[in-house]
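Residue numbers start from 1 in every chain, and the chains themselves are labelled A, B, ... in the order their sequence lines are given, proteins ahead of strands.
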2 protein chains.
Amino acid sequence: MEDNTARFEKLLVKNGLKRTAPRLQVLEILSGRDSATSQPYLEQVMGKDADRVTLYRVLQAFEEKGIIHKVLDQQGTANYAICSDGCSAHEHHDEHVHFNCDNCHKIYCLDTVKIPALKVPAGFKVDRLNLIATGLCAGCSDKIN
Amino acid sequence: MEDNTARFEKLLVKNGLKRTAPRLQVLEILSGRDSATSQPYLEQVMGKDADRVTLYRVLQAFEEKGIIHKVLDQQGTANYAICSDGCSAHEHHDEHVHFNCDNCHKIYCLDTVKIPALKVPAGFKVDRLNLIATGLCAGCSDKIN
DNA sequence: TTATATTTGCAACATAATTGCATTAAAATG
DNA sequence: CATTTTAATGCAATTATGTTGCAAATATAA
């Protein structure tokens, strides 16, 4: 299925978003990567195809609709990845672990690893969990050792 | 023990840092709070007692020496808290859960809650874990309901 | 094809963080 | 206690990140 564009267009329409060039481009970039993509990288790749502000707004809209989710890496930089199915505007289901590689700085969504339930002190009410593991990813682990 | 200052001076000397006013002030502020303290708050409280840049450098030095640790909240804002004993320049031991309150936005270090061990895909090597729970803290939980 | 509602781009602004450098102050030395 | 050395501070300038208001452009509905 090389016809990503058609798929993306459907995705936009489904979420009540208009089919615009910047939005399609963001989806194209994000879907072509195996790890979460940083805002600075997106900005660089899109170049002058779209304004900085537009990029921020596209990302914000996508996040609100549950199309992508944001992960902050250890430096506080925003990274984005396409959500798994089941995320919607009302509810994100991205409670998987994110892995931040010290070497290549990629952020992987470890969809298969669930965050374990947590015991918190009395009174605290946990709504969301966000676990970032840092270390070496499979690829870098090989290269370095 | 109201003689914090003497204690802080020792802490600085032990870490090869000179006893300066901005450093003592930062330690004073951080130790007087029950939750992690944001950079903006520190900046505001210190006012013109110290330059912004000095504050950044003090925080950086403290973090490197293992005196404080940094936690990024859900907005990516840097927050700082004094480390538990056992942290040093070589090794931080802050693998406790951080709790980010949606209401008061405080960040609590839940020292008693350990992050559970994690199974990651083959090849990945976990070095550090960072778990942020978001929800309502005990205080706000009371007030709201 | 036109009307409407979104979306974009631009300009300006806000905040967070970093760097280089001259000045100042703390601690070490004699 | 005076002096030297080394570390830390303050200032100015710069970069990165993110936001807001508004006019112009464009996608879609009518």
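- To the nearest angstrom, P of D/dT9 lies 10 Å from CG of B/L24.
- Between A/T134 and A/F99, every side-chain heavy-atom pair lies at or beyond the 4.5 Å cut-off.
- Rounded to an integer number of Å, the gap from A/Q25 CD to C/dT8 P is 11 Å.
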Where along nucleotides 21-30 of chain C does protein come under 4.0 Å, by heavy atom, of base (B) or sugar-phosphate alone (S), with - for untouched nucleotides? -----BS---
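- The distance between atom CG of B/L59 and atom P of D/dT9, rounded to the nearest whole Å, is 11 Å.
- Looking at A/L110 and B/F124, their side chains come closer than 4.5 Å, going by heavy atoms from C-beta outward.
- A donor-acceptor pair under 3.5 Å is formed between the side chain of B/S31 and the backbone N or O of B/L27.
- To the nearest angstrom, C1' of D/dT9 lies 15 Å from CG of B/L12.
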Using atom names, set out every protein N or O paired with an N or O of nucleotides 12-18 of chain C below 3.5 Å, distance rounded to 0.1 Å.
unit_1, atom_1, unit_2, atom_2, d
C/dA17, OP2, B/Y56, OH, 3.2
C/dA17, N7, B/R52, NH2, 2.6

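- Between A/R23 atom CZ and C/dT6 atom P the separation is 11 Å, expressed in whole Å.
- Between the P atom of D/dA16 and the CD atom of A/Q44 lies a distance of 11 Å, rounded to the nearest Å.
- Between A/I132 and A/D73, every side-chain heavy-atom pair lies at or beyond the 4.5 Å cut-off.
- No side-chain N or O of A/Q39 forms a donor-acceptor pair with one of A/N79 less than 3.5 Å apart.
- Without hydrogens or angle criteria, B/R23 side chain to B/K18 main chain gives a donor-acceptor distance under 3.5 Å.
- A/N15 places no side-chain N or O within donor-acceptor distance of the main-chain N or O of A/L17, the cut-off being under 3.5 Å.
- A/E9 is listed as a side-chain neighbour of A/T5, based on a closest heavy-atom distance under 4.5 Å.
- Each end of the helix from C/dT1-D/dA30 to C/dG30-D/dC1 gets its own axis from five base pairs, and the two axes differ in direction by 30°, given to 10 degrees.
- Taking atom CG on B/N15 and atom C1' on D/dA8, their separation rounds to 16 Å, with Å as the unit.
- Going from atom CG of B/D127 over to atom SG of A/C101 covers 11.0 Å, rounded to the nearest 0.5 Å.
- For the pair B/T37 and B/Y80, the minimum side-chain heavy-atom distance is 4.5 Å or more.
- Atom-to-atom, CG of A/L42 to P of D/dA16 comes out at 16 Å; the value is rounded to the nearest Å.
- Residue contacts for B/A61: at a heavy-atom cut-off of 4.0 Å it reaches no nucleic acid atom on any strand shown.
- Side-chain atoms of B/C109 and B/H98, non-hydrogen and from C-beta on, do get closer than 4.5 Å to each other.
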